[in-house]
Q: 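First, the structure itself, so that you have it in front of you.
In this text, all values refer to a predicted model and were calculated from it rather than measured experimentally.
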Amino acid sequence: MNKIINKSAYMLMALLAFFGSLTPALAAENTAEIEKPNIVFIAIDDMNDWVGYMGGHPQTSTPNMDNLANQGVAFMNAHSVSPGCSPSRNALLYGVEPYNSGLYPFYEHDIHKQLHQKYTSLPRFLKDNGYNTYGSGKIHHGPQYGELEWTDYLDADRFPRKFAEGKGFHTNKKNSFRPTVNPYEEMFDHQVASFGIDVIKNHKNGDKPYFAAIGLVKPHLPFDCPVDFYDALPEKITPPATVGNDLNDIGKEGNSMRRAGDDKKFTSKKQWGDVRKAYLACISWVDYNVGRILNAVEQSAQADNTIVILWSDHGYHLGEKKSFKKFTLWEEANRVPFIILDKREITAAQGRKVTQAVTLINVYRTLADMAGLNVPDYVDGHSLVPQLKDQSAAVAAPAISSWGRGNYAIRTENWRFIQYFDGKQELYNHQKDQNEWHNLATLPEYKEKVKEMAAFLPKNEAPTIEQYISNWSLFGADAKRLKKVETGPSQKQKKKAKKKKNAE
């Protein structure tokens, strides 16, 4: 009798274990919507590694992002797909590498009409799979607020900025490095965060799961943010380390990507300190709003069924390699904050870090995997769920960044390899040369390492999509040809034509 009871109990436990191992969609179709996690998707614009937990700058203050990194999994060696907003966000949100999509440069906003016909964007994918999708701020590069992707999208108010007297400087409306005295509520990022907070707070048990995409636009130019954050920084800002002969071993294409004019101007006028201080202040302002969002998650009814993901679209130069802004294939323009916190893991250890190199192309597949969803076949990248479970698990592929067809950077845990369309190469050993001052690619003793890294280069390249290109952003194999081609009217030309027509 005991044997029969034990056998029955064993069979029951086996069945329970079997059903418990099934994905939410298979295990309980009727409760699939409840089992899907809510997703808080924090996108940050132009923020490099000057964040506390990343050690990028000694004077930065980012307690909220540091706390998120400590609670979740911090990808310490994360990189953008491209060092520019348009190609980076197109790759992440449509799930396609530039060398597979042909979307290497910047595009005017009308490009999204044809992209939606060809691809299923991440918010649309989630909406089609039972999510309410909410957006605010900058998610796509360009306004994309339609019902195809979004349940609702914030139309933020714009207020004229008021500046503190005698602090910072500006050369025009965009190149401004001044603290503001507006109430926080008038600032764009505060409104963007508040919209996301309302979504999180108002979600009730039994509602569809939500995807709250919160696009914070700082520290993108202009570097203007509330004066409190500017004044909290010391008067003298520590400059990044540089070396005089840094560029002597760099080829023509690599040098052409630098914004050398800005560096010369800021250096000659002794303005770099003001620029860096304003940038650090904007990072602190972002961190303040990230803290507001995280507090809302913590206090929400479904906190333990929520995923928080934070990322920046690319890095930023602030004098390294005598460059300003992004648009290069070096570390400063590509390394980004990237954190995933799965609050369903209540007993997870703190301080989890992945040191292997990854890119943001993996975001689409990772979120789908975490939600128990199957992505469209065309989506590139790999799920990072194995690394969320075991930070030492080997990544499926190294990080690849591109800036123009034929220009690629390959990043592994300890090495960066760059190959330009003209055949010029760079190789840096990050164990010994974190500043990438010494190009090893031409040294005979590194011939095998160059060969090893070059094996990761794309085997095939999609031709560059030629409609709606912003010509200023053309680099690589097609730049010379396409700069001579009329690729369609720019936004500026359209506005000018509309203004002329209205006047008539």
Q: Under a 4.5 Å cut-off applied to non-hydrogen side-chain atoms, are H57 and T62 in contact?
A: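 When only atoms from C-beta onward are counted, T62 and H57 do not touch, as no gap falls below 4.5 Å.
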Q: Does M187 reach the side chain of W285, with side-chain heavy atoms less than 4.5 Å apart?
A: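 Contact flag for M187/W285 side chains = yes.
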Q: Can you check whether Y316 reaches L221 side chain to side chain, under 4.5 Å on heavy atoms?
A: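 Side chain of Y316 against side chain of L221, heavy atoms only: contact under 4.5 Å found.
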Q: Between R89 and D45, is the salt bridge (charged side-chain N to carboxylate O under 4.0 Å, His left out) condition met? List the steps.
A: CA-CA 10 Å; R89 289 171 185 259; D45 207 354; 3.6 Å; yes
Q: Would you say the side-chain atoms of T328 pair up with the backbone N or O of R258, donor to acceptor, closer than 3.5 Å?
A: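 Not a single qualifying donor-acceptor pair exists.
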Q: Any chance you could measure I400, atom CD1, to S82, atom OG, to the nearest 0.5 Å?
A: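 It comes to 13.0 Å.
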Q: Mind checking whether L103 and P87 have side chains closer than 4.5 Å, heavy atoms only?
A: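 No - every pair of side-chain heavy atoms lies 4.5 Å or more apart.
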Q: To the closest 0.5 Å, what do you measure between CG (D262) and NZ (K265)?
A: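 The distance works out to 5.0 Å.
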Q: Applying salt bridge (charged side-chain N to carboxylate O under 4.0 Å, His left out) to K321 and E436, what does each step give before you reach the verdict?
A: CA-CA 9 Å; K321 293 194 177 291; E436 298 183 344; 5.3 Å; no
Q: To the nearest 0.5 Å, what is the distance between CD (E426) and OG1 (T442)?
A: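 Reported value, rounded in 0.5 Å steps: 10.5 Å.
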Q: With a 6.0 Å cut-off on ring centres, are W272 and Y279 close enough?
A: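 Centroid separation for W272 and Y279: 6.0 Å or greater.
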Q: Would K277 pass as a cation-pi partner of Y230, given that its NZ or CZ must be under 6.0 Å from the six-membered ring centre and within 45 degrees of the axis?
A: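 Yes, cation above the ring, under 6.0 Å and within 45°.
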Q: Checking ring pair (Phe, Tyr, Trp, His ring centres under 6.0 Å) for the pair H141/H109: CA distance, chi angles, key distance, verdict?
A: CA-CA 7 Å; H141 183 72; H109 303 157; 5.7 Å; yes
Q: Are the side chains of N48 and E332 in contact, using a 4.5 Å heavy-atom criterion?
A: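 No. Closest side-chain heavy atoms not under 4.5 Å.
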Q: Should the pair W330 and H317 be assigned to parallel (<30°), tilted (30 to 60°) or perpendicular (>60°) ring geometry?
A: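 The rings of W330 and H317 stand perpendicular, inter-plane angle above 60°.
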Q: Can you label the angle between the W472 ring and the F327 ring as parallel, tilted or perpendicular, going by 30° and 60°?
A: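 Because their plane-to-plane angle is over 60°, the rings of W472 and F327 count as perpendicular.
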Q: Give the C-alpha distance, both sets of side-chain angles, the deciding distance and a yes or no for ring pair (Phe, Tyr, Trp, His ring centres under 6.0 Å) between F456 and F417.
A: CA-CA 10 Å; F456 293 115; F417 171 72; 9.6 Å; no
Q: Would you call D46-K326 a salt bridge at under 4.0 Å N-O?
A: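 Looking at D46 and K326, the cut-off is met.
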Q: Look up atom CD1 in I418 and atom OH in Y428, then write down how far apart they are to the nearest 0.5 Å.
A: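 Those atoms lie 5.5 Å apart.
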Q: Is K424 salt-bridged to E253, cutoff N-O under 4.0 Å?
A: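 So K424 does not pair with E253 through a salt bridge.
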Q: Is the ring pair F41/F211 parallel, tilted or perpendicular, if the boundaries are 30 and 60 degrees?
A: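 Rings of F41 and F211: tilted, 30 to 60°.
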Q: For the CG atom of N67 and the CD1 atom of I339, what is their distance to the nearest 0.5 Å?
A: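 With rounding to 0.5 Å, CG (N67) is 9.5 Å from CD1 (I339).
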Q: Using ring centroids (six-membered ring only for Trp), state whether Y468 and H112 fall under 6.0 Å.
A: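 H112 vs Y468: aromatic centres not under 6.0 Å.
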Q: Would you give the length of the straight line joining atom OH of Y408 to atom CD of E461, rounded to the nearest 0.5 angstrom?
A: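 Y408 OH to E461 CD: 3.5 Å, rounded to 0.5 Å.
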Q: Classify the ring geometry between F266 and F177 as parallel (under 30°), tilted (30 to 60°) or perpendicular (over 60°).
A: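 The rings of F266 and F177 stand perpendicular, inter-plane angle above 60°.
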